[in-house]
Amino acid sequence: MSAHAGTIDHHHDHTTTTGIPNKKLFMWAFLASDCMFFGALISTHVIYRLHPTPDGADPLKLFSIELTSFSTFILLMSSLLMALAVGASQKGKVEATRQMLLGTIFFGLIFLGCQVYEFTHFVHLGLTLKSDMFGATFYTLTGTHGVHVAIGVLWLVMMYIRTFKPADASKSWFIRAVIQFAAFAVATVSSMVVMLAVTHAGAEHGYDLAALGAGVTHSLPATIAFVASSVVLIALSRSTWAVDFGEANAIDVESMGLYWHFVDIVWIVIFTVVYLFEYL
Amino acid sequence: MRFRPADILRRITTTLALLALPLVTGGWTSGPQSTFDTKGPVAKAQLEVFHVTVYVTFAVFFIVAGILAYATIKYKARSDSAEKAPVPDQGHGNPFIELGLIGASIAALVVIAVPTLRAIWYTYDVPEAERANAYEVNARGLQWWFQFEYPHEQIDGSGQLVTGNELVIPAGRPVRINLRTSDVIHSFWVPKLGGKVDMMPNRGNHLWLQADEPGYFWGQCAEFCGESHAVMRFRVIALAADDFAAWLENQKKPARDVVAPAGAKAVLASYDMTPKKRNAPGYTADFDANPLAAWTAMQFPEKDEDAVLVNQGRKLFAEKNCVTCHAVRGHGASGVNAPDLTHFGSRTTLAAGLLENNKPNLHRWIVDPNNVKPGNKMYMGVNGMAGYMTADDKGRMTKAHIQVNDTEARAIVEYLHSLK
Amino acid sequence: MSAPSATSQDHAHKDDGKFHLFVQIAMILAVITGVEIVLIYLPLAKWLIVSTLIVLSLVKFLMVIFWFMHLKFDKVFCTILFFIGLVLAGGTVAALLAIFSAHDSVPLTSQAIYAERAAAAAAK
Amino acid sequence: MEAALKTAYTAPESAAKTSARPWFFTRPKAKTGLVSWLTTVDHKKIGLLYAITALFFFLVGGVEALMIRVQLAVPNNTFISHQLYNELFTMHATTMIFLAVMPLSAAFFNYMMPLQIGARDVAFPRLNGFAFWVFLAGAIVLNVGWFTRAGAPDSGWFGYAPLTSVAYSNQFSGDSSTDLWVMGLQILGVSSVIGSLNFIVTIINMRAPGLTMMRLPVFTWMTLFTAFLIILSFPAITIALVELMMDRSFGTGFFEVAKGGLPILWQHLFWIFGHPEVYILILPAMGVVSEILPTFSRKPLFGYPIVVFSGAVIGFLGFGVWSHHMFTTGMGTMATAAFSLATMAIAVPTGVKIFNWVGTLWGGQIITRTPMMFALGFIWMFMMGGFSGVMHSAAPADAQQQDSYFVVAHFHYVLIGGSIFALLAGIHYWFPLVFGRMVSEFWGKLSFWVIFVGFNVTFFPMHFLGLNGMPRRTAVYDGNMGWNSANLVASIGAFILAIGIGIYFAVMVYTYFKGKKATGDVWDARTLEWAVPTTPPPEHNFNVTPTVHARDAFWYEKTHAKEIAEEKAKHAKDEDSHGGIHMPSQSWFPLVTATGLLIGGLFFTHHNFQGAIAGGCIMLLGVLGWAFEGPGGYHLHIHKDGTVTGGEGQDEASH
Ligand code: HEA
Ligand code: HEA
Ligand code: CUA
Ligand SMILES: [Cu+2]
């Protein structure tokens, strides 16, 4: 074909008028829109913090700056891995891309796990959606962000599975993909259940090996499901055939990365506005 | 370019027709709620700003429309050959014209902006100089009626003076009205006295207005507030200073007791009760002719009052559970969810300004409120108080809770009208 | 024709150094976050802390979009596109907060609180 | 140059991979019949789907309006109940705005914009189909209330809290009408945002070679601005709706007064969306008019750059004026003054457009065909509507006008006299292109005059009604208020208007079946959509991707016929040697995904969360299939004699 076949210029797509790939442009426009989305949500939260209701909860009695800093850090690191995944995919390194994607998924899940923990903890302390205005705006704002993260994780998983799509289109791969997807879902949910059980046990009797044991035994079915699905995942994590995924798909990974990073910067704002400002 | 006489004639006639329009529509600018017929300084200030916007936009309109019309007529291709003629000059624009027009538009807008700003500050609150002289009242919107509270008129043992649906104010004096609501958003609008301000939940809004002369003014809720928004109306009555004082004094008294002579028998009042249609007109021509006089007439006990019937009605008022919602000060009724009826007989309106307060109308209302004002809270119940109906577990209005038959209604009407 | 040949890749990517760059940026981001957490406990004037926090998170924000999200390396149009949304959203948030901080916008529920506080202050 | 020659659809193809695909990914091939419409990715077909749906809902909204007018014709009327009246005006507005004008604009965007920029389709064809199906789902959710006991939504088109809260909106427990409204608008928002993102990418990235931004047709510019307004304003209402949904379904208190909620916040969030929304309704109309006026004046648009620029300024300023809908909410003097002035400022860029349209007529050769009549009518009527807008912008004057019939008069002048007139003009203008038939001049003009007269008779008296103190949204009024004659005149006018619209549509339907055949460039037009090889245009739009040399690209082609012919021949050869014309494959998944959304949404509004999750699963399945099937595509080859070979399945290029 034409002379420039062979290399793919990731920042300039010569088939489009501006040279910016369509998918990238789409994503940036979407993120511009999402700014308004989170702008409206954050405004709601701040406005109600400016005018708190008389019997509202005191955020300082609820917040744990350690936990939030930890999950902020985790999200920042997942951003790093995401950036590296984009780099790897642009170089056509399928294996490295997969690893980085898995890493990002992992960190994303830890973040979500922290949020699940935080929410259950707050509910335990009496803060619910219904309890007062702070509960409503806090859960809605951070929950919406969490949904964004969850969608991002879902997308990452789909991309990960996508890297196994065989080059030979006739190979019936879809069933395998669905199994892989299901295994991910099972592993995620079960691991969260186990972790919650462990932390609960820890909270009651102190964090030690005994608590770990108690937590695991308390959620035995989940533990078994977790082990089983992990085995399936590991078994499926190797492909012996030529895959369809290549440098041409780097743009897919890249636009997904844009989304992921954006969710990260939204958290940067939330961290400051929702959490840190409360301490002043 | 050729001008055909027929064209010119056509244009002239249309222009004339346009100019004549205001004459034809003269009747469209006067009415009980006309914003042109201003009766106080706030409404006047607002009308002035409106006039400025009219002058400016009409001027711009005549210029732009004139040029538009001229261009259309002048450059119209009037024949096949004209349409097929060689194309005109393919000019792309002229920056000087464009910038000039932008400048002109800005200048025109400045003319509007200056009086606008001045009036925003003027209409916002009672002017500093007159603040000490201002009279303060609270207006509260409820689905679908208004409550008026007089915080500076305290009554021993029962707090501030409260009335419903008719706001009486002193004339010639600024009145500052605090706007509150007990449920959804309503809006307080008395067009002849001033523009509206909303009654917003959880917000402390206010407005001010002043009636230069004594008068009877129509008002209406101007924010959609649910099923019966269309019939959520009220009145403002402005009185000269001494009339106002007298009115206040009477209102602060407890409800009137009517003593029946021993052994007297009730004669049922015989007003015409042919059933009226839903949405039947609420006002008689007599009333419309001089509402303020009608209002004044309402302030005094009726001559043909039937004392026995009044006392019968008073008993029924308690038996029928009316007292759970309505207050009649001094008669043992102290409900808070509905209009205060202590001096109901002295009001000209009924059911939030919907109907003239005469006996047949009141009778209709008491027998079947839902037919008069669909969905009203007296019928549906309010704040946990059962109304004429109670709801089943699906929320459907099924079971009758209060039933008032014809004879009972005549007694209650007589009673309510005795409350002057 | 379809899959790009492997040989020509290397010279197309002189930016292998990005790996280190990215790691460094991630470290800076982590450090800033640490600074922020310390900052809120420092006994400084409130306005100073608030503005420093805003500046710091802005720095983090910009670092992520310009490096991790490649805006620095991409055509400026991407930056313009995103900033249209960002600026409008920022402006709207600012306007909303200004409106709601104004005296007329203090809700009745909060007025009760402010009155209470004022009374308490007067009592002191 | 080489880069320019390669449009997106001559991208590397992988013919080698042709082989049977698993059944799950079998791509539909039908080009006619039901399946072809259900699975289409062709921007023209999607445009037609939008147009037909929108026109249907325009009639529905119109019938609702007529019922309103019948009720108001005389005082104390009992034609319909208060409750039904409230449902009617709520649904009238929601229908007209979200289900008629917006999708009709989207129809033009879809059909015309890719043709105007010389593209073969939009950037993401399947996403485009998805946007339509989601729109349909939203329309169904909004209207389904008519067929249930709960009735249709009834809290007004801006649904002010707390009237929408459970306590005040439910006539009986389980009344889901407000939930339907909330869900319907959210779904429509998804559709609009997705569609708009697609248009933005298409306009910026898919232009024909030589088509620089400053050569874009004005209609395309307005499409771009509208798309930006949509993606930047819809998030605000989405958040407001999400918060309301949380209140209604999960017991939060965002707008619940008892829990400290601030109903005023709803108003802010709504109008942050709502005001840009009115420009979303008018900018496409301005675009259409900016195409028609030059064509029928046989002269380029006067002051093209400043018209484009003023469009951008309108869009931008439009985000800073929202509180002019809230002048009576007691915002305080500063905020009121600021929004008052900002609102006035918008008159300037809008005025610029009016001036330049007049400038376009000046010195032209004005041909008053039906589309031109509607376009001229637009200028007159929109200008009048704009002036009443300026009267509103003076806050003290607005204190008397807000929520009165004066507002109703204002916005119908800009919405009907503006948007609807221009869209009707557009239908007339492009009908020969889309269907290859000419609408009769006599009947077209007749419908114009009847509509024009009927419109003014209906809405002009409403100015007086408003200033005479008649509040809007009132189902009855008393006979002693001085409103009787004006209301009667307005109601009569509404029926004249309805007759006009009836004629208009009857003529369109007749022309579609029996009209005079017309081919090619019937109006001596100026922009690229008329450069298609046949009318109606073939699926691949252009035999050869056009190269643009000037602003009015097609006009240039006509005035430089020889040189263009040579260029075309050369490019045709190049294109074929690159493998022919690349076309996107059809797909079932947009429909599947949207169906999942519809099912989930309907269950959610009835608080049936299992059902909602089931809908979500269908959606997820749709997304998975969509992602894994890949964009697909096939190639067409155009031969010298104009015949087309190739097609889905014959040469499959799956990547
Ligand atoms: C197509 C839709 C559309 C358009 C284009 C506009 C355009 C404008 N609108 Fe309108 N508006 C609505 C749709 C629209 N509006 C709707 C639907 C509502 C009601 C919503 C509801 O409550 O249900 C509304 C309500 C509304 C209000 C709130 C009224 C109230 O409820 O109290 C206001 C207040 O300022 C307003 C102002 C304006 C202004 C200043 C413009 C300007 O953009 C107009 C500018 C145009 C011109 C001025 C004419 C041409 C200019 C010149 C020839 C130049 C020279 C002119 C001068 C120097 C004056 N509009
Ligand atoms: C683009 C938007 C749009 C359009 C086109 C219209 C069109 C019309 N509108 Fe509407 N209107 C609004 C937007 C629009 N409106 C909005 C936003 C509101 C505010 C609502 C609110 O307060 O919440 C409103 C409110 C509104 C009111 C005020 C209600 C009230 O406040 O109480 C009235 C009253 O007269 C009215 C009338 C009309 C009329 C007569 C038409 C006519 O132009 C309609 C013309 C069309 C037809 C008549 C259709 C043709 C029909 C046939 C040919 C019938 C034959 C066909 C069959 C039977 C299949 N509208
Ligand atoms: Cu109260 Cu409308
Ligand atoms: Cu507006």
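These numbers come from a predicted model, not from an experiment. Chain letters run A, B, ... following the sequence lines, proteins first and then strands; every chain starts at 1.
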Inter-residue atom distance D/Met331.CE - B/Met200.CE, 0.5 Å rounding:
10.5 Å
Quick one: which of D/Ala397, D/Pro300, D/Pro471 has the most heavy-atom pairs under 4.5 Å with chain B, could you say?
D/Pro300
What part of D/Gln401 is in contact with chain B, defined as an atom under 4.5 angstrom from a non-hydrogen atom: side chain, backbone, both or neither?
both
Tell me, for D/Ser340 versus chain B, whether the close heavy atoms (under 4.5 Å) come from the side chain, the backbone, both or neither.
side chain
Report yes if some heavy atom in the side chain of B/Thr116 is under 4.5 Å from a heavy atom in the side chain of D/Ser393; otherwise report no.
no
Over all atoms of both residues, closest heavy-atom pair of B/Gln143 and D/Leu163
NE2-CD1, 3.9 Å
Among D/Asn356, D/Asp552, D/Ile354, which residue forms the greatest number of heavy-atom pairs with chain B at distances under 4.5 Å?
D/Asn356
Heavy-atom side-chain contact between B/Thr72 and D/Leu376 under 4.5 Å
yes
With a 4.5 angstrom heavy-atom cut-off, which part of D/Arg551 approaches chain B: side chain, backbone, both or neither?
side chain
Find out whether D/Met384 and B/Phe61 are in side-chain contact, i.e. whether some heavy atom of one side chain is under 4.5 Å from a heavy atom of the other.
yes
Write down the atom of D/Ser81, the atom of B/Arg278, and the distance for their closest heavy-atom approach.
CA-NH1, 3.7 Å
Please name the pair of heavy atoms, one in B/Gly282 and one in D/Asp478, separated by the smallest distance, quoted to 0.1 Å.
N-OD1, 3.6 Å
Can you check whether B/Trp28 and D/Phe460 have ring centres sitting under 6.0 Å from each other?
no
Would you say B/Trp218 and D/Met481 make side-chain contact, with heavy atoms under 4.5 Å?
yes
So D/Leu467 and B/Thr29, do their side chains get closer than 4.5 Å, heavy atoms only?
no
Does any heavy atom of chain B fall under 4.5 Å from the side chain of D/Ala161, the backbone, both, or neither of them?
backbone
Should D/Ser404 and B/Trp189 count as side-chain neighbours, where that means a heavy-atom distance under 4.5 Å?
yes
D/Val476 versus chain B, the contacting section by heavy-atom distance below 4.5 Å
both
For side chain to side chain donor-acceptor pair (under 3.5 Å), just list the numbers for D/Asn76 and B/Asn279, CA-CA rounded to whole Å, side-chain angles, deciding distance to a tenth of an Å, and then say yes or no.
CA-CA 5 Å; D/Asn76 304 100; B/Asn279 295 352; over 6 Å; no
Report yes or no: does D/Asn480 contribute a side-chain atom to a donor-acceptor pair with the main-chain N or O of B/Tyr283 at less than 3.5 Å?
no
Between D/Thr333 and B/Trp121 (side chain of the first, backbone of the second, donor and acceptor by atom type, cut-off under 3.5 Å), is there such a pair?
no
Has the side chain of D/Gln400 got a donor or acceptor atom that lies under 3.5 Å from a matching backbone atom of B/Pro191?
yes
Side chain, backbone, both or neither: which part of D/Ile306 has a heavy atom under 4.5 Å from chain B?
side chain
Residue part contacting chain B, namely of D/Ile264, when any heavy atom lies under 4.5 Å:
both
Looking at every heavy atom in both D/Pro396 and B/Val49, which two are closest together, and how far apart are they?
CB-CG2, 4.1 Å
Worked check of side chain to side chain donor-acceptor pair (under 3.5 Å) between D/Thr328 and B/Asp198
CA-CA 6 Å; D/Thr328 61; B/Asp198 296 349; 3.3 Å; yes
For D/Tyr85, is it the side chain, the backbone, both or neither that has a heavy atom under 4.5 Å from a heavy atom of chain B?
neither
Using heavy-atom distances under 4.5 Å, tell me whether D/Pro349 contacts chain B through its side chain, its backbone, both, or neither.
neither
Counting the benzene-type ring for Trp, do D/Phe89 and B/Phe224 have ring centres under 6.0 Å apart?
yes
Atom group of D/Ser297 that falls short of 4.5 Å from chain B, counting heavy atoms:
backbone
Between D/Trp483 and B/Gln33, do the side chains contain an N or O donor and an N or O acceptor separated by less than 3.5 Å?
no
Side chain to side chain contact (heavy atoms under 4.5 Å, CB included) evaluation trace for B/Glu223 with D/Gln402:
CA-CA 9 Å; B/Glu223 186 61 75; D/Gln402 192 262 353; 3.9 Å; yes
Does D/Arg473 use its side chain to pair, donor to acceptor, with the backbone of B/His229 at less than 3.5 Å?
no
Say whether, by atom type as modelled, one donor and one acceptor occur between the side chain of B/Lys76 and the main chain of D/Thr368 under 3.5 angstrom.
no
Looking only at atom types and distance, does a side-chain atom of B/Asn202 sit under 3.5 Å from a main-chain N or O of D/Leu262, one as donor and one as acceptor?
no
Taking side chain as everything from C-beta outward and backbone as N, CA, C, O, which of these in D/Phe158 sits under 4.5 Å from a heavy atom of chain B? Side chain, backbone, both or neither.
side chain
